[in-house]
Chemist: 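Here it is, the structure in full.
When reading the values below, keep in mind they use all heavy atoms of this one structure, side chains included, and skip hydrogens, waters and symmetry mates. Position 1 is the first residue of the sequence; numbering continues from there. Small disclaimer: the values here were computed from a predicted structure and weren't measured.
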Amino acid sequence: MKSIDGGGHWISFKGAPGGDDYQQIWISPEDPQRIGLAGDQGAVISVNGGRTWSSWYNQPTAQLYHVAVTPTFPYRLCSGQQESGSVCISSRGNDGEVTFRDWHPVGVIEYGYVAPDPLDPDIIFGAGRNVVTKTHLSSGQVQNITPIPVSSPDIRTDRTEPILFSPQDPHRMYYAANRLYVTDDAGTSWRPISDDLTRPSVGSPDSVGDLHADKAETQRGVIYSLSASPVTRGLLWAGTDDGWIWMTPDEGRQWHNVTPPELTPWSKVTQIEASHFDAKVAYASVSRFRLDDLRPHLYRTRDGQSWQSIIVGLSADAPVNAVREDPTCRGLLFAATEKAVWMSSDDGEHWQPLQMNLPHTSMRDLVIQGQDLIVATHGRSFWILDDIGPLRDFARNGLDKEAALLKPSPAVRVRRSTGTDTPIPPDEPTGRNPPDGAVIDYYLPQAVKGAVGIEILDSSGTVVRRASSTDPEGFGQEERERELIPAYWIRQPKPLSAAPGLHRFVWDLHYRAPRTAKHSFPISAVPFDTPQEPSGPFAIPGNYRVRLKIGSRQWEQPLSVNPDPRVGIPQQDYAAQLALAQALASALDDSTMKLAQVKSLRKQLALLKPDPAIAARAKALDAKLTELQESGPMPQDGGAHRGLERVNGDIASLYEQVEGADAAPTQAQRAAAEALSREWQSIAAVSAVIRQDLAALNQALAKARLPKLHDDVQAPEEGESTDEE
């Protein structure tokens, strides 16, 4: 609000009915029309005294409390966020990147936990304070299904209250206040399965001095963290925000206080993680910042009763907000602190940073989904570490002293982008998609002097794609200058690395691209990630092998390629599509080569200055080449005859159609392919006859001591362009 009469009257000039949460304002002392305003949602700027403002949607400033994922492909990341409601956002956008189209509120209270329904992807549950919500994504309707519809003196809640489903029973859902509640009918009815699990009132902590709250002596806590054992049904762990840890082996009929002695009052059990491998093993993260204790506190139990501190290596000045165990690799742990993300490969005995390019901010929660590690931050939104397969491999086997090809995670045959319209401008906020293909990691203990190569083999042992450290790096300067689109759209291929360390190569699941007379870039463009087309035929779901080659040595690992689960076509349709695509790609490659030879020969003929006898032969050959390029031979069925240039272009167009979607070729496409094949074979036959004329002309040129004509010209290679958009 602002006043222009010394506070006599106030008017509102920025805000929303629900209230934005502003924290700071700056007004330029040189020009009061320029205002900077910071809030929980982000920063905005006005240059006209507040009449209009910039957007805060161009900043990844979401303040997230927890993270959950939906059982879908792509999975959605869901959370409550400070002052801006809740959100679910896709981990992969159909348009080649994650955009504003993939982000939507889901009715959860702003600070809350989220629990996607494991049986119905249309339903998202959430909890915070005494509110439990059930949101239908398709209709957008939100129902409050709380077991605590009105306040009660003996019921307490905090702003963020756990809600989760049983790992063994997808109908059973738990919600925590100071007691634990359970429902088996999606919130229609609830029942408590615990007494009050919090400490008796212990007053204010000494750290607040004289600033303790009114009636502090009567305050008590709530259940702040909850975990259900993936190993044993009914085994639950609960941690309170006043420093107690409880365990029940039988769905709450008996509760046991298993609190470590070090947890004094005002210790907040931020997360508990039940082990995926042993019912007696659990991990607990604890924050004691309310006691002016900023040290990390992490605990592990292996017998369900006694706890050991596991903090060696952690930064000494950052409380821990979450600890998670990898569900497939025993002993691999991850921790989220107020400043960074950490990992341990020895069950917490030692920790090392996993920060990489993460911002240094409050890391609030972690979750492992498949092969991805997801982080929810308080102020910098979601982050995903794509494919933690190498971390799992090194946790199991350690660093090898020799080169190693790591076993790749299963890949999904998903399309880079299905966008069909003008792309989102690069100055709009977007997130990167995960790699569109198979992620292949290899380790080199030292630099390799020779070439490093990777081959992809199909189930029959045929090499379908090769990559090497000697491959050219992207487009050269001259090529970039010829393009009709700005360079910031183009994906720049990089050769394999031969330097020491861990390296990643992404096979885009395509065979080698056919040579073509005209390259282009698709309208489904993504900044710095738009590949040149055409690409090679799309590999079908199935079993492959990856081969790493260094000199005479080689290593192999299996690779499985799974279908996009949203498609649902039978394997024979994939096979039919690949067969036709490969036939068209072969015809395109061969006809492109032939077209390049014809054009080259005509250019060479135009430069000849022979005597009249040879000139007549040259003119006759040029006429035949012109007819072959522009008109083509008369077809046997009497239809219109077309030249090599037109046939080559139609092969390229049909190839693009056949490869356009995951589907078997249509009857019309098959018929068109057969007709084009006949035309190309007819042209190829005529070109073989023309080679005889070329040989005769070259003999005459040799006798006249003139340069011969060459037909060994190379067609444009993959990565080159002919300025076609």
Side-chain angles (χ1 to χ4, degrees), residues 62 64-81 86-94 98 102-104 106 108 113-126 137 162-168 170 227-228 230 271 273-277 283 321-330 332-336 341-343 354 356 358 363-377 381-393 395 408-414 431-439 441 560 562-566:
L64 306 167
Y65 280 78
H66 307 286
V67 59
V69 296
T70 60
T72 58
F73 181 88
Y75 60 83
R76 293 192 296 272
L77 293 71
C78 303
S79 179
Q81 55 173 338
S86 56
V87 61
C88 276
I89 184 169
S90 179
S91 60
R92 178 192 294 273
N94 283 344
V98 182
D102 302 300
W103 175 287
H104 201 276
V106 287
V108 180
Y113 274 86
V114 179
D117 192 319
L119 297 177
D120 188 347
D122 189 51
I123 296 178
I124 304 291
F125 294 92
L137 298 177
I163 186 170
L164 58 84
F165 280 89
S166 164
Q168 293 82 18
S227 184
Q271 284 295 347
E273 176 82 344
S275 174
H276 296 76
F277 307 95
Y283 309 88
N321 293 317
V323 59
R324 300 296 184 194
E325 178 191 55
D326 186 276
T328 67
C329 180
R330 189 166 189 166
L332 180 58
L333 304 180
F334 301 95
V341 173
W342 300 75
M343 66 164 286
L354 192 63
M356 297 192 292
L358 283 174
M363 307 296 178
R364 285 301 177 96
D365 201 2
L366 300 164
V367 68
I368 295 124
Q369 173 67 10
Q371 57 223 34
D372 297 342
L373 175 65
I374 302 158
V375 185
T377 77
S381 200
F382 292 117
W383 292 70
I384 301 176
L385 179 57
D386 296 309
D387 197 343
I388 60 173
L391 300 182
R392 291 168 170 168
D393 198 302
S409 302
V412 179
R413 187 187 190 267
V414 63
R432 291 183 59 185
N433 263 0
D436 50 305
V439 176
D441 296 291
S560 61
N562 299 326
D564 186 331
R566 301 168 295 180

Chemist: Looking at side-chain heavy atoms only, is the closest gap between S381 and Q81 below 4.5 Å?
Modeler: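 Heavy-atom side-chain distance check fails, nothing below 4.5 Å.
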
Chemist: Do Y75 and I384 come within less than 4.5 Å of each other through their side chains, counting heavy atoms only?
Modeler: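 They are in contact (side-chain heavy atoms under 4.5 Å apart), so the answer is yes.
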
Chemist: Start with the C-alpha distance between L366 and Q271, add both sets of side-chain angles, then the distance that settles side-chain contact (heavy atoms from CB on, under 4.5 Å), and finish with yes or no.
Modeler: CA-CA 10 Å; L366 300 164; Q271 284 295 347; over 6 Å; no

Chemist: Between CH2 of W103 and SG of C88, what distance do you get to the nearest 0.5 Å?
Modeler: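 Rounded to the nearest 0.5 Å, the CH2-SG separation comes to 10.0 Å.
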
Chemist: Where do P116 and F165 come nearest, in terms of heavy atoms and distance?
Modeler: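 In this case the closest contact between P116 and F165 is O-CE1, 3.6 Å.
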
Chemist: Side-chain contact test, heavy atoms from C-beta onward, threshold under 4.5 Å: evaluate it for D386 versus V439 and give yes or no.
Modeler: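 Not in contact.
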
Chemist: How far does CD1 of I123 sit from CG of D117, to the nearest 0.5 angstrom?
Modeler: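 Answer rounded to 0.5 Å: 5.0 Å.
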
Chemist: Please give me the minimum heavy-atom distance between A115 and I163, naming the atom from each residue.
Modeler: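 Minimum heavy-atom separation between A115 and I163: CB-O, 3.9 Å.
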
Chemist: Can you tell me how far CD1 of I388 sits from OG of S409, rounded to the nearest 0.5 angstrom?
Modeler: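 If I round to the nearest 0.5 Å, the distance is 8.5 Å.
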
Chemist: Would you call D564 and R413 a side-chain contact if the rule is heavy atoms closer than 4.5 Å?
Modeler: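 Heavy-atom side-chain distance check fails, nothing below 4.5 Å.
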
Chemist: Can you find a heavy atom in the side chain of V108 that is under 4.5 Å from one in the side chain of H66?
Modeler: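 Not in contact.
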
Chemist: Is there a donor-acceptor pair under 3.5 Å between the side chain of Q371 and the backbone N or O of G389?
Modeler: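 Absent.
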
Chemist: Is a side-chain N or O of Q369 found less than 3.5 angstrom from the main chain of I374, in a donor-acceptor match?
Modeler: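 Not a single qualifying donor-acceptor pair exists.
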
Chemist: Check R392 against G370 and note the closest heavy-atom contact, atom names and distance.
Modeler: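 Taking every non-hydrogen atom into account, NH2-O, 2.8 Å.
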
Chemist: Could you walk me through whether N94 and R566 pass the side-chain contact (heavy atoms from CB on, under 4.5 Å) check?
Modeler: CA-CA 12 Å; N94 283 344; R566 301 168 295 180; 3.0 Å; yes

Chemist: When rounded to the nearest 0.5 angstrom, what distance separates CD1 in I89 from CZ in R76?
Modeler: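 Those atoms lie 11.5 Å apart.
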
Chemist: Looking at CG of N321 and OH of Y65, how far apart are the two atoms once the value is rounded to the nearest 0.5 Å?
Modeler: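 Output value for this atom pair is 11.0 Å.
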
Chemist: Output the distance between atom OG (S91) and atom CG (N433), rounded to the nearest 0.5 Å.
Modeler: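 Reported to 0.5 Å precision, the distance equals 8.0 Å.
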
Chemist: Going by the side-chain contact (heavy atoms from CB on, under 4.5 Å) test, name the single residue among V106, V114, L64 that passes it with S86.
Modeler: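 The option that passes is V106.
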
Chemist: Could you tell me whether the side chain of P434 reaches within less than 4.5 Å of the side chain of D372, counting heavy atoms only?
Modeler: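 They are not in side-chain contact.
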
Chemist: Could you tell me if the side chain of L373 sits less than 4.5 Å from the side chain of L391, heavy atoms only?
Modeler: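 Sidechains of L373 and L391: no contact.
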
Chemist: With sequence neighbours left out, write down each residue that passes side chain to side chain donor-acceptor pair (under 3.5 Å) with D393, or none if nothing qualifies.
Modeler: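 D393: side chain to side chain donor-acceptor pair (under 3.5 Å) contacts with N397.
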
Chemist: Looking at R324 and D365, is any side-chain nitrogen of the basic one under 4.0 Å from a carboxylate oxygen of the acidic one?
Modeler: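 Looking at D365 and R324, the cut-off is met.
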
Chemist: Which atom pair, heavy atoms only, marks the closest approach of A411 to G437?
Modeler: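 Closest approach of A411 to G437: CB-O, 3.9 Å.
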
Chemist: Please answer whether the main-chain N or O of P230 pairs with a side-chain N or O of Q168 as donor and acceptor at a distance below 3.5 Å.
Modeler: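 Yes, the answer is positive, given that a donor and an acceptor are paired below the 3.5 Å cut-off.
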
Chemist: Short question: side chain of T70, backbone of P121 - any donor-acceptor pair under 3.5 Å?
Modeler: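 No; zero donor-acceptor contacts below 3.5 Å.
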
Chemist: Taking C-beta and beyond as the side chain, do L77 and V367 meet within less than 4.5 Å on heavy atoms?
Modeler: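 Sidechains of V367 and L77: no contact.
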
Chemist: Please give me the minimum heavy-atom distance between M356 and L385, naming the atom from each residue.
Modeler: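 Scanning both residues completely, I find the closest heavy atoms to be CE-CD1, 3.4 Å.
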
